[in-house]
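Atoms within each ligand, like the ligands themselves, are counted from 1 in listed order.
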Amino acid sequence: MPTIVQKFGGTSVGDPERIMRVARRVAKAREAGFDLVVVVSAMGHTTDELIALAERVSPIPDRRELDMVMATGEQVAVGLMAMALRELGCAATSLTGGQAGIRTDGVHGRSRITRIESGRLGRLLSRGEVPVVAGFQGISDDGEVTTLGRGGSDTTAVAIAAALRVADTGGCCEIYTDVDGVYTADPRIVRSACRLPRISYEEMLELATLGAGVMHPRAVLFGEKFGVPIHVRHSQKPDPGTMIARESQAMEELAVVGCALKEDLGRVSIRQIRNTIGLQGRIFTALAAANIVVDDIMQTEQGESTMIAFTVEHGDLGDAKEIVAGTLAQLGEGELSVEVGLAKVSAVGVGMKVHAGVASRMFRALAEVSIPIHNITTSEIKISCIIDKADGHKALEAVHRTFGLGLGSHATVAMQTDQARA
Ligand code: ADP
Ligand code: ASP
Ligand code: MG
């Protein structure tokens with residue numbers, strides 16, 4: 001029988017009733033004979049609440065200690081889920097990330113999974129049990145509890161699916177969430193967004209990196225690298241969802257398949273510095289060592305000196321500033337400044353490789369709604385514009401409209417999110 005990893009997000013396990021509902025679904029799949037691993041996020045808004053709690057004690061909490069606090073959210077959820085399964089007569093054992101063998105690089109707050117020692121998971125599965133694994137966390141080789149970055153439970157699930165080679169068994173990784181699939185834009189912002197029945201890893205990775213919070217980017221990376229089919233579905237409904245899989249010819253027909261908005265970006269600017277050989281390498285190596293993902297990099301020459309600026313997520317801004325300040329201190333030159341209140345709107349599609357005029361259309365769409373563009377970046381399959389955060393929603397709607405994404409060209413079904421129903 002296929003092995004399936006089922007991941008349930010925070011909303012899906014938000015209260016005891018929902019936990020029981022999810023448990024019934026898991027127990028049914030187990031009765032049907034599937035080998036199952038369940039990955040669970042913290043209940044509802046627990047992670048936000050734990051961070052707020054920590055900040056009441058320490059305004060800028062120590063990263064290690066914050067990981068200790070945050071990791072408890074998932075631990076509560078897995079314990080409750082295993083209890084619920086046992087109530088239904090389904091043998092289940094809850095595991096922390098560390099107990100499930102998830103090893104990380106030890107960077108607090110944004111760890112990467114380095115390997116999975118799947119022996120314990122395998123033993124539980126061969127006994128017919130359902131391992132219920134805490135998402136979002138792992139343990140370093142030094143025994144430190146670390147978290148994988150916000151939304152990281154998706155990555156736990158896909159990484160386990162890769163380690164257990166679920167694809168070889170005919171299985172997949174199912175991501176159960178509060179929306180019935182991946183949409184052409186965040187359906188909470190763009191009401192005319194449509195569900196995509198299928199999307200390539202490449203496109204999903206871009207969309208996720210550019211702000212489509214439905215999937216954690218590293219989860220998509222693992223999926224692509226290890227060939228894990230990922231099925232995004234609604235946790236309370238039988239809808240067909242979205243398959244994330246390899247690119248197919250048909251996917252190239254559309255220039256743009258989706259658009260995304262990344263809010264709360266900060267910009268770090270370095271001025272009054274000489275453009276010496278190795279300068280850029282030095283600055284960005286220090287940031288990379290802290291697992292800080294830099295969004296856009298801009299460089300301009302101003303006479304004798306150079307200006308280098310880059311954007312990062314707001315949550316990384318403090319660390320980024322400190323790291324760059326350290327590098328400038330070592331160099332003995334350069335002025336540092338930080339701005340907030342920026343956002344990035346992007347259009348994504350593998351078809352861009354063969355379609356022309358996509359960028360100009362996007363720029364015109366933003367101009368028509370009087371939105372200034374502060375910077376532009378492109379790759380083979382995406383175009384991004386940095387804009388003011390205040391223009392974010394209007395920009396996403398304009399870009400979505402200009403590429404005709406809400407016209408039902410994707411075998412659409414009605415938008416269904418918990419918020420839309422409320
Ligand atoms: P979970 O707690 O289940 O992990 P998330 O809140 O992390 O759920 O992800 C689901 C949310 O992602 C949806 O409610 C939706 O608002 C948001 N989202 C952003 N972009 C998209 C998109 N392109 N398609 C679907 N959902 C999206
Ligand atoms: N609970 C964590 C968060 O809220 C991880 C996750 O939900 O994926 O970010
Ligand atoms: Mg999520």
* Does ligand 2 have an atom that lies less than 4.0 angstrom from a heavy atom of Gly73? -> no
* Do Val38 and Val133 come close enough that some side-chain heavy atom pair is under 4.5 Å? -> no
* Evaluating non-hydrogen atoms only, which member of Tyr176, Tyr183, Phe136, Phe8 is closest to atom 23 (N) of ligand 1? -> Tyr183
* Lys/Arg N to Asp/Glu carboxylate O, Asp180 vs Arg233, below 4.0 Å -> no
* Under 3.5 Å: donor-acceptor pair, side chain of Arg267, backbone of Val340 -> no
* Got an N/O contact under 3.5 Å between Gly10 and ligand 1? -> yes
* **Chi angles and distances behind the side-chain contact (heavy atoms from CB on, under 4.5 Å) call for His393, Val345** => CA-CA 9 Å; His393 289 198; Val345 64; over 6 Å; no
* Asked: With a 4.0 Å heavy-atom cut-off (strictly under), which part of Ser235 contacts ligand 1: side chain, backbone, both or neither?
  -> neither
* Protein heavy atom at shortest distance from atom 4 (O) of ligand 2 -> Arg150 NH2, 2.9 Å
* Asked: Polar-atom distance check: Lys7 versus ligand 2, any N or O pair below 3.5 Å?
  -> no
* Structure fact -> Checking heavy atoms under 4.0 Å, the part of Lys7 that sits near ligand 1 is side chain
* Assess whether atom NZ of Lys394 is packed by more than 12 heavy atoms of other residues, nucleotides or ligands within 6.0 Å. => yes
* Check each of Gln137, Glu74, His216 against atom 1 (N) of ligand 2 and report the one with the nearest heavy atom. => Glu74
* Backbone N/O of Ser235 and side chain of Ser12: donor-acceptor pair under 3.5 Å -> no
* Structure fact -> So the atoms of ligand 1 within less than 4.0 Å of a heavy atom of Val182 turn out to be 24 (N)
* **Reference residue Arg110; test side-chain hydrogen bond (donor to acceptor under 3.5 Å, both in side chains); the match among Thr104, Asp319, Thr146** => Asp319
* To do: Hey, can you tell me if Phe284 and Phe310 have their rings parallel, tilted or perpendicular (30° and 60° cut-offs)?
  => perpendicular
* Asked: Between the candidates Asp154, Asp178, Thr47, which shows the shortest non-hydrogen contact distance to atom 14 (O) of ligand 1?
  -> Asp178
* Check whether any side-chain heavy atom of Val232 sits under 4.5 Å from a side-chain heavy atom of Thr177, and report yes or no. => yes
* For atom 3 (O) of ligand 1, which candidate among Leu261, Thr177, Val214, Ile189 provides the closest heavy atom? -> Thr177
* Is there a side-chain contact (heavy atoms from CB on, under 4.5 Å) between Leu336 and Val268 once you walk through the steps? -> CA-CA 7 Å; Leu336 182 63; Val268 178; 3.5 Å; yes
* Any non-hydrogen atom of Gly151 lying under 4.0 Å from ligand 1? -> no
* Show the numbers, then the answer: is there a side-chain contact (heavy atoms from CB on, under 4.5 Å) between Gln299 and Gln280? => CA-CA 10 Å; Gln299 177 174 330; Gln280 295 80 355; 3.0 Å; yes
* Could you tell me whether ligand 1 has any atom less than 4.0 Å away from a heavy atom of Gly181? => yes
* Asked: What are the atoms of ligand 1, with element, lying closer than 4.0 Å to any heavy atom of Ala185?
  -> 22 (C), 23 (N)
* To do: Answer yes or no: does an N/O atom from Asp154 fall short of 3.5 Å to an N/O atom of ligand 2?
  => no
* To do: Could you see which bit of Ser41 sits under 4.0 Å from ligand 2, with heavy atoms only: side chain, backbone, both or neither?
  => side chain
* To do: Examine ligand 1 and decide if any of its atoms is less than 4.0 Å from a heavy atom belonging to Gly258.
  => no
* Asked: Would you say Gly151 and ligand 2 have an N/O pair spaced under 3.5 Å apart?
  -> yes
* Structure fact -> atom 21 (C) of ligand 1: of Asp186, Val232, Leu396, the nearest heavy atom sits on Asp186
* To do: Around atom 6 (C) of ligand 2, find the nearest protein heavy atom and jot down its residue, atom name and distance.
  => Ser153 OG, 3.4 Å
* Asked: Can a donor-acceptor pair be found between the side chains of Asp239 and His234 at a distance below 3.5 Å?
  -> no
* To do: Using heavy-atom distances, let me know which of Gly213, Gly135, Gly9 sits nearest atom 7 (O) of ligand 1.
  => Gly213
* To do: Answer yes when Glu202 and Arg246 have at least one side-chain N-carboxylate O distance shorter than 4.0 Å, and no when they do not.
  => no
* To do: Check each heavy atom of Val179 against ligand 1 and say whether those closer than 4.0 Å belong to the side chain, the backbone, both or neither.
  => side chain
